[in-house]
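In this text, all values refer to a predicted model and were calculated from it rather than measured experimentally. Here, residue 1 is the first one in the sequence, and each next residue gets the next number.
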Amino acid sequence: MNKDFLDTKYGKTYYFYKPSNKNEKTLIFIPGFSGDSAYNSFRNIIDKLPDSIGILVVDTVGTGHSYKEYMNRTPGNVVGNIIEVITYLKPINPMFVGHSYGGAYALQLVDKVSDLTNELFLIEPTYSQITFKLLDKTYQFLKQYKDFSEEKAKGSINVEDFIDSVNPLVTEEIIKENAELLFNVYANESIIAECLATEEMVKQMEIAERNLDNFHIVLLCSKEREEEYKNSIFAPSCKILSAAGNHSLQWTNEKFVLDNLINFINGSE
């Protein structure tokens, strides 16, 4: 996987890219609300996909390897940052894979650029009907940010404290790298800006969700949330599949995610 960067209008944006072979799909992965390396977050899935499949993973400015740059992380700017990279690389036959907050961004991307793709593979996506929970999480994060800033200034928080928050299904070296990236990024100005834009994010989700019938969506969720999703706005137009695991199914039920993703790529889901 080649790591490179693009000087976008939002700042220097790092990405990992592998072109597809023979007009195969190019999977564009979008992680949830975090800040570590997007590639490392999905790496256990990506590394097990067929070699012919193209891969694009973008560390939008203010996250991952792009963390040194400040970005006013409004929903429009995050989407615009990804679009700039896609426009530059022109990946063949793209489809989006989005987890949690990344699922909401994936919907906005295909809604904004209608001729890009209509195929989405979503893992427990965030959606507008759970606005109350989303706003509560925002409040809790901002509170933690204040505490984190004070503790970091005292030197009582270090990289090791973030080991349990990153992908556990990769090598020890990658886990340490990702933990360091998350430590550096956690609660930086860009992430706080994204958090403060939660109400705007909800509005953009509502707009994109009006067009769910235009998209081809497979949605994976944990057994715990199966009933919720089957009573959500996704139910009438999406294929919803559930299995054991928690919110990060790509880590807690890798086989379930990988099998269904390959089926989706092959058109046999």
Side-chain angles (χ1 to χ4, degrees), residues 27-46 48-49 57 60 63 75 78-79 82 95-111 119-138 140-141 164-169 178 182 191 194-195 198 201-202 204-206 208-209 212 215-265 269:
L27 305 188
I28 302 173
F29 289 82
I30 307 179
F33 183 84
S34 180
D36 50 348
S37 162
Y39 173 38
N40 287 345
S41 182
F42 287 105
R43 195 160 182 164
N44 60 300
I45 299 294
I46 291 172
K48 292 180 175 65
L49 291 170
V57 197
T60 50
T63 66
V78 173
V79 170
I82 297 172
M95 62 171 278
F96 285 98
V97 179
H99 170 237
S100 191
Y101 223 58
Y105 277 130
L107 276 169
Q108 292 172 50
L109 276 155
V110 296
D111 190 54
E119 296 185 306
L120 298 111
F121 186 86
L122 307 180
I123 304 169
E124 293 220 345
T126 301
Y127 59 108
S128 62
Q129 286 175 307
I130 58 171
T131 294
F132 178 78
K133 291 181 180 178
L134 190 59
L135 291 172
D136 182 61
K137 285 184 178 180
T138 298
Q140 294 300 327
F141 182 83
D164 292 337
S165 299
V166 300
N167 187 352
L169 303 182
N178 223 24
L182 186 56
I191 300 297
E194 184 176 19
C195 205
T198 300
M201 181 66 163
V202 171
Q204 295 304 314
M205 285 191 290
E206 290 173 339
E209 289 164 3
L212 284 177
F215 308 140
H216 179 200
I217 299 174
V218 168
L219 188 157
L220 304 188
C221 65
S222 60
K223 283 290 185 183
E224 183 180 355
R225 296 184 69 184
E226 180 180 13
E227 195 67 22
E228 172 196 336
Y229 278 105
K230 287 189 173 179
N231 287 289
S232 73
I233 54 172
F234 291 104
S237 55
C238 306
K239 183 171 184 178
I240 299 173
L241 303 170
S242 66
N246 64 26
H247 182 57
S248 296
L249 280 168
Q250 68 274 22
W251 302 348
T252 56
N253 200 330
E254 178 187 79
K255 186 177 186 303
F256 172 68
V257 173
L258 190 59
D259 287 350
N260 282 288
L261 179 55
I262 290 174
N263 286 341
F264 190 50
I265 294 167
E269 82 287 347

Strictly by modelled atom types, are Asn44 and Asn167 linked by a side-chain donor-acceptor pair under 3.5 Å?
yes
Relative to each other, are the rings of Tyr229 and Tyr127 parallel, tilted or perpendicular (30° and 60° limits)?
tilted
Using the ring centroid of each side chain, check whether Phe29 and His99 are separated by less than 6.0 Å.
no
Tightest non-hydrogen contact, residues Glu226 and Cys221, listed as CA-SG, 3.7 Å
Evaluation steps, side-chain contact (heavy atoms from CB on, under 4.5 Å), between Ile217 and Leu107
CA-CA 10 Å; Ile217 299 174; Leu107 276 169; 4.1 Å; yes
Where do Met205 and Thr126 come nearest, in terms of heavy atoms and distance?
SD-O, 3.8 Å
For Ser165 and Trp251, the nearest pair of non-hydrogen atoms, with its separation, is O-CH2, 3.8 Å
Is the closest side-chain heavy-atom distance between Leu219 and Leu241 below 4.5 Å?
no
Please give me the minimum heavy-atom distance between Ile123 and His247, naming the atom from each residue.
CG2-O, 4.3 Å
Expected output: side-chain Ser232 to main-chain Phe234 donor-acceptor under 3.5 Å
yes
Should the pair Arg225-Glu228 be classified as a salt bridge under the 4.0 Å nitrogen-to-oxygen rule?
yes
Do the two ring centres, one from Phe96 and one from Tyr105, sit under 6.0 Å apart?
no
Under 6.0 Å from the CG atom of Asn231, do we count more than 12 heavy atoms belonging to anything else shown?
yes
Enter the distance from Ile265:CD1 to Glu119:CD here, rounded to the nearest 0.5 Å.
9.5 Å
Would you check, one step at a time, whether the test side-chain contact (heavy atoms from CB on, under 4.5 Å) holds for Met95 with Leu27?
CA-CA 5 Å; Met95 62 171 278; Leu27 305 188; 3.2 Å; yes
If you draw a 6.0 Å radius around CD in Glu227, do more than 12 non-hydrogen atoms from other residues or ligands fall strictly inside?
no
Just how far is it from atom NZ of Lys48 to atom CZ of Arg43, taken to the nearest 0.5 Å?
11.0 Å
Just so I know, are the side chains of Pro31 and Phe42 near enough to count as touching, which here means a heavy-atom distance under 4.5 Å?
yes
Look up atom CG in Asn178 and atom OH in Tyr39, then write down how far apart they are to the nearest 0.5 Å.
11.5 Å
Spatial distance of atom OG (Ser242) from atom CD (Glu224) [nearest 0.5 Å]:
11.5 Å
Validation row: Leu49, Leu258 side chains within 4.5 angstrom (heavy atoms):
yes
Testing the basics here: between Ala208 and Phe215, what is the closest heavy-atom pair and its distance to 0.1 Å?
O-CE1, 3.9 Å
Close side-chain approach of Cys238 and Val218, heavy atoms under 4.5 Å
no
Judged by modelled atom types alone, do Ser34 and Asp36 share a side-chain donor-acceptor pair under 3.5 Å?
yes
Can you tell me which residue among Val79, Leu122, Val97, Ile82 is in a side-chain contact (heavy atoms from CB on, under 4.5 Å) with Ile30?
Ile82
Any heavy-atom pair between the side chains of Glu194 and Met201 that's under 4.5 Å?
no
Name every donor-acceptor pair, under 3.5 Å, that has one atom in a side chain of residues 129-137 and the other anywhere in the protein, sequence neighbours excluded.
| residue | atom | partner | partner atom | Å |
| --- | --- | --- | --- | --- |
| Gln129 | OE1 | Ile233 | N | 2.9 |
| Thr131 | OG1 | Ser128 | O | 2.5 |

Between Val257 and Ile45, is there a side-chain heavy-atom distance shorter than 4.5 Å?
yes
Which pair of non-hydrogen atoms, one from Leu249 and one from Ala244, has the smallest distance, and what is that distance?
CD2-O, 3.6 Å
Can you find a heavy atom in the side chain of Leu212 that is under 4.5 Å from one in the side chain of Ser237?
yes
To the nearest 0.5 Å, what is the distance between CD (Glu254) and CG (Leu261)?
11.5 Å
